[in-house]
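Atoms considered below: every heavy atom in the structure, side chains included; atoms not considered: hydrogens, waters and symmetry mates.
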Amino acid sequence: MKKNILLPVIFILGLFCGCSNSERPMSAAEQKILTNADARREAILNSPTEIDVTGVCYYVSADGNDSNDGRSEETPWASLDKVNSANLSPGDGVFFRRGDIWRGEALIAQNGVTYSAYGEGAKPSIYGSPENGADPSKWSLMEGTDNIWIFYKDIMDCGDVVLDGSMDLADKAPVWWTGDRYVKFVVGEDDYNTLMQKPDFDPANDMGDLQYFNDIDYSDLNSHHPIYVYEYADREGKLYLRCDEGNPGEVYKSIEFCCDPYNGSVVTLNFGYLSVLDNLSVMYGGHAIEANGGRLVQNCEVGYMGAMTHTFYDTETIYSGDGISHTLNMLVENNYVHHVFNGGIAAGELSFAANDEFANVEEFQGNNIIRGNLLEYTAGITLLNWEEEVNELHKFKDILIEDNYVMYSTTAGDPQRKKANSIIGALVFSGSDMPLPCANENLVIKDNVLYCSDGSLIISGMQEEYYPVYTGNTYVQNPNKPFAYWCFKDGTYEMVLTKKLSDLETFVREELGDETGVVLR
């Protein structure tokens, strides 16, 4: 994880204030985009199970029993632990009953196994959140306060706390770990020595309304910064929530905690080579689906992925939280991804690029198709690379990004207190908060709708010889927002800020090379 490089020309507004249609008249073409996006969302959320399984079919329901054989709807298993520990074979299928929810435990895919849904109703759901906290008996006042509430048991690091199923959320208090204690920090203001000398963080005095603090102990880790805590997401600690309105269990009907129950994810296909994920809902986590070993993710809903603590850097805390991330040989198709702190779909990530010792080690990421997805309120579709110079040994290759709707790109959570390790855009080809160069071969961006971003629609540091092929895309951005942050053919990086439609059309034709692209204003 590389330290953020902040660009003064880029700023992030508050959550979901990005592209208000009231700022300009709504054209018929734009209305059609919104109608089509609504139709796609409904189609994905209500997609039937149409999956072929060549091996044994197993069934899982919330009221099943792990002592059952799992081989029929009448004798289902009950838990994800049973599914994960079962001796499954390539070609087998595991079907979860629609309408049921599994909480606080990860699904760990096995090689060649398909995971899908059976029955009627909403997609079966896997929540990173261990429980619904909307119960007054689960909260007690911190001694000496009338608005600091303590959850009744220790809980994992929460990216966000989602209130009443919306992104009107409780947000992390700005804390930094010195190596043995927490202190309050101010983004961009505190230096290392100042932070090390600050008093301990005090939940009673250092939190605003609807902020929370996870008191998780990392004192056994290296005390020298940066301190990486990403792999310790399952650690638990006391959770303090400031709620001025009263007991949060009474104020809210739903309180969900965005936690990662397994190695930084709610569902992992990293060990399930050629595995398939179909018609599941993955909700309330930090990272949703790590799919580096899988083959196919389709017809799934991914939502409310918060910002997990990743690293306590020299003078700041780095957070991360992704929707569907993958690197090789993946088809990601017809998924609805929404309200995600970082990238909605990571089309590839050059892992070696983050470490100088692998500079001379070859790494290609690709052979991926990202098609037919709808993304809303995320940091968009990303290719992640951290190298500051082009390295031909590290390359994205054979990636098709086709027929996706990428809407209202933003970051989930309060950007004044949390930083995404990416620029916000519908398409982001970078790594840190600055467009960086990278090599690619046969990267095609085709027939997508890029609609209204809090940042630029497209962020790319790719040099001309590595430009992707853009064709037939539709570009919509409000005049008060940047259109692109781009490495021009002359090698300069510039923000495209023009409000004239004709100039934007010229940019799309001459710089992007999208001869059939459509620009709407």
Assign the ring pair Tyr59 / Tyr118 to parallel, tilted or perpendicular, where the plane angle (0 to 90°) is split at 30° and 60°.
perpendicular
Determine, stepwise, if the pair Arg371 / Asp447 fulfils salt bridge (Lys or Arg N to Asp or Glu O under 4.0 Å).
CA-CA 10 Å; Arg371 181 170 60 204; Asp447 297 336; over 6 Å; no
With distance as the sole criterion, is a donor-acceptor pair present between the side chains of Asn448 and Asn404 under 3.5 Å?
yes
Would you say Tyr212 and Cys158 make side-chain contact, with heavy atoms under 4.5 Å?
yes
Would you check if Asp160 and Asp171 make a side-chain contact, meaning some heavy-atom pair closer than 4.5 Å?
yes
Evaluate the side-chain contact (heavy atoms from CB on, under 4.5 Å) criterion for residues Arg103 and Asn132: first the C-alpha distance (whole Å), next the side-chain angles of each, then the deciding distance (0.1 Å), finally the verdict.
CA-CA 10 Å; Arg103 289 179 168 277; Asn132 185 347; 3.9 Å; yes
When rounded to the nearest 0.5 angstrom, what is the spacing between OG1 in Thr516 and CG in Asn473?
7.5 Å
With a 4.5 Å cut-off on side-chain heavy atoms, are Val94 and Val60 touching?
yes
Is Asn335 reaching over with its side chain to a backbone N or O of Cys300, donor-acceptor style, under 3.5 angstrom?
yes
Kindly indicate, with the supporting measurements, whether the criterion ring pair (Phe, Tyr, Trp, His ring centres under 6.0 Å) is fulfilled by His310 and Tyr319.
CA-CA 5 Å; His310 190 291; Tyr319 304 93; 9.9 Å; no
Walk me through it: do Glu131 and Lys153 pass the test salt bridge (Lys or Arg N to Asp or Glu O under 4.0 Å)?
CA-CA 11 Å; Glu131 61 186 275; Lys153 67 178 183 181; 2.7 Å; yes
Any non-hydrogen side-chain atom of Leu375 less than 4.5 Å from a side-chain atom of Ile345?
yes
Sort out for me which residue in Leu383, Asn440, Ile445 forms a side chain to side chain contact (heavy atoms under 4.5 Å, CB included) with Ile399.
Leu383
When you measure from the side chain of Tyr115 to the backbone of Gln110, do you find a donor-acceptor pair of N or O atoms at a distance under 3.5 Å?
yes
Thr317 side chain to Lys172 side chain, donor-acceptor N/O pair below 3.5 angstrom:
no
Cut-off 3.5 Å, side chains only: do Thr114 and Asp278 have a donor facing an acceptor?
no
Please check if the side chain of Asp157 supplies one atom and the backbone of Arg235 the other of a donor-acceptor pair under 3.5 Å.
no
Test side-chain contact (heavy atoms from CB on, under 4.5 Å) applied to Phe396 and Cys438, step by step
CA-CA 8 Å; Phe396 297 119; Cys438 61; 4.0 Å; yes
Result for ring pair (Phe, Tyr, Trp, His ring centres under 6.0 Å) between Trp102 and one of Tyr127, Tyr284, Phe96 points to Phe96
Establish, from distance only, whether the side-chain atoms of Tyr451 and Glu30 form a donor-acceptor pair under 3.5 Å.
yes
Check whether any side-chain heavy atom of Ser61 lies under 4.5 Å from a side-chain heavy atom of Glu73, and answer yes or no.
no
So that I can tick it off, tell me whether Lys395 and Glu441 are bridged by a salt bridge, with the cut-off set at under 4.0 angstrom between side-chain N and carboxylate O.
yes
Could you measure the distance from the CG atom of Leu169 to the SG atom of Cys258? Nearest 0.5 Å is fine.
8.0 Å
Should Ile459 and Phe429 be marked as a side-chain contact (heavy atoms from CB on, under 4.5 Å) after you check the CA-CA gap, both sets of side-chain angles, and the distance that decides it?
CA-CA 6 Å; Ile459 297 96; Phe429 304 145; over 6 Å; no
Would you say the side-chain atoms of Asp135 and Ser137 include a donor-acceptor pair closer than 3.5 Å?
yes
Indicate the ring-plane relationship of Phe151 and Phe257, choosing parallel, tilted or perpendicular according to the 30° and 60° boundaries.
tilted
One thing to verify: whether Arg97 and Asp100 come together as a salt bridge, which I'm taking to mean a side-chain N less than 4.0 angstrom from a carboxylate O.
yes
For residues Tyr232 and Tyr218, establish whether the separation of their ring centroids is below 6.0 Å.
no
Indicate yes or no: at least one non-hydrogen side-chain atom of Asn279 is less than 4.5 angstrom from one of Arg98.
yes
To check you understand the geometry: which heavy-atom pair defines the closest contact between Asn84 and Ala106, and what is its length?
ND2-O, 2.9 Å
Under a 3.5 Å cutoff, is there a donor and acceptor pairing between the side chains of Asp66 and Ser79?
yes
Please work out whether the ring planes of Tyr304 and His338 are parallel, tilted or perpendicular, with thresholds of 30° and 60°.
perpendicular
Determine, step by step, whether Trp149 and Lys138 satisfy the side-chain contact (heavy atoms from CB on, under 4.5 Å) criterion, reporting the C-alpha distance in whole Å, the side-chain angles of both residues, the deciding distance to 0.1 Å, and the verdict.
CA-CA 9 Å; Trp149 300 88; Lys138 295 182 179 181; over 6 Å; no
Could you verify whether a donor N or O on one side chain and an acceptor N or O on the other, from Tyr405 and Glu376, lie under 3.5 Å apart?
no
Quick one: pull up CG in Leu210 and CG in Leu241 and give me the separation to the nearest 0.5 Å.
6.5 Å
Taking atom CG as the centre, does Asp69 end up with more than 12 heavy-atom neighbours from other residues, nucleotides or ligands that are less than 6.0 angstrom away?
yes
I want to know whether Trp77 and Tyr58 have ring centres closer than 6.0 Å.
yes
Distance col, row Tyr475:OH vs Leu427:CG, nearest 0.5 angstrom, shows 8.0 Å
Show the nearest heavy-atom pair for residues Leu280 and Leu107, with the distance to one decimal.
CD1-CD2, 4.1 Å
Is there a side-chain contact between Ser325 and Ile289 (heavy atoms, below 4.5 Å)?
no
What closest approach, in Å, do Thr311 and Pro226 show between heavy atoms, and which atom pair accounts for it?
CG2-CB, 3.6 Å
For the backbone of Leu384 and the side chain of Thr382, can you confirm whether one donor and one acceptor N or O come within less than 3.5 Å of each other?
no
Roughly how far apart are Ser275 OG and Leu269 CG, rounded to 0.5 Å?
3.5 Å
Checking side-chain polar atoms at under 3.5 Å, does Glu290 have a donor or acceptor matched by the opposite partner on Ser265?
no
Are Lys82 and Glu105 close enough, and set up right, to give a salt bridge (Lys or Arg N to Asp or Glu O under 4.0 Å), and what steps lead you there?
CA-CA 11 Å; Lys82 178 65 176 181; Glu105 188 175 2; over 6 Å; no
I'd like to know if Lys397 and Glu363 make a salt bridge, using a cut-off of under 4.0 Å between side-chain N and carboxylate O.
no
Distance (rounded to the nearest 0.5 Å) between Asn373 CG and Ile324 CD1:
6.5 Å
What are the two closest non-hydrogen atoms of Ile33 and Met407, and how far apart are they?
CG2-CE, 4.2 Å
On a heavy-atom basis, the closest approach of Val229 and Leu221 is CG1-CD1, 4.0 Å
Identify whether the distance between the nearest side-chain nitrogen and carboxylate oxygen of Lys446 and Asp514 falls below 4.0 Å.
no
Using side chain to side chain contact (heavy atoms under 4.5 Å, CB included) as the criterion, point out the one residue from Thr309, Ile216, Asp217 that pairs with Trp177.
Asp217
Of all the heavy-atom pairs spanning Thr49 and Ser116, show the shortest one and how long it is.
CG2-OG, 3.5 Å
Any donor-acceptor pair under 3.5 Å linking the side chain of Glu402 with the backbone of Ile370?
no
Side-chain heavy atoms of Leu328 within contact of Asn367, under 4.5 Å
no
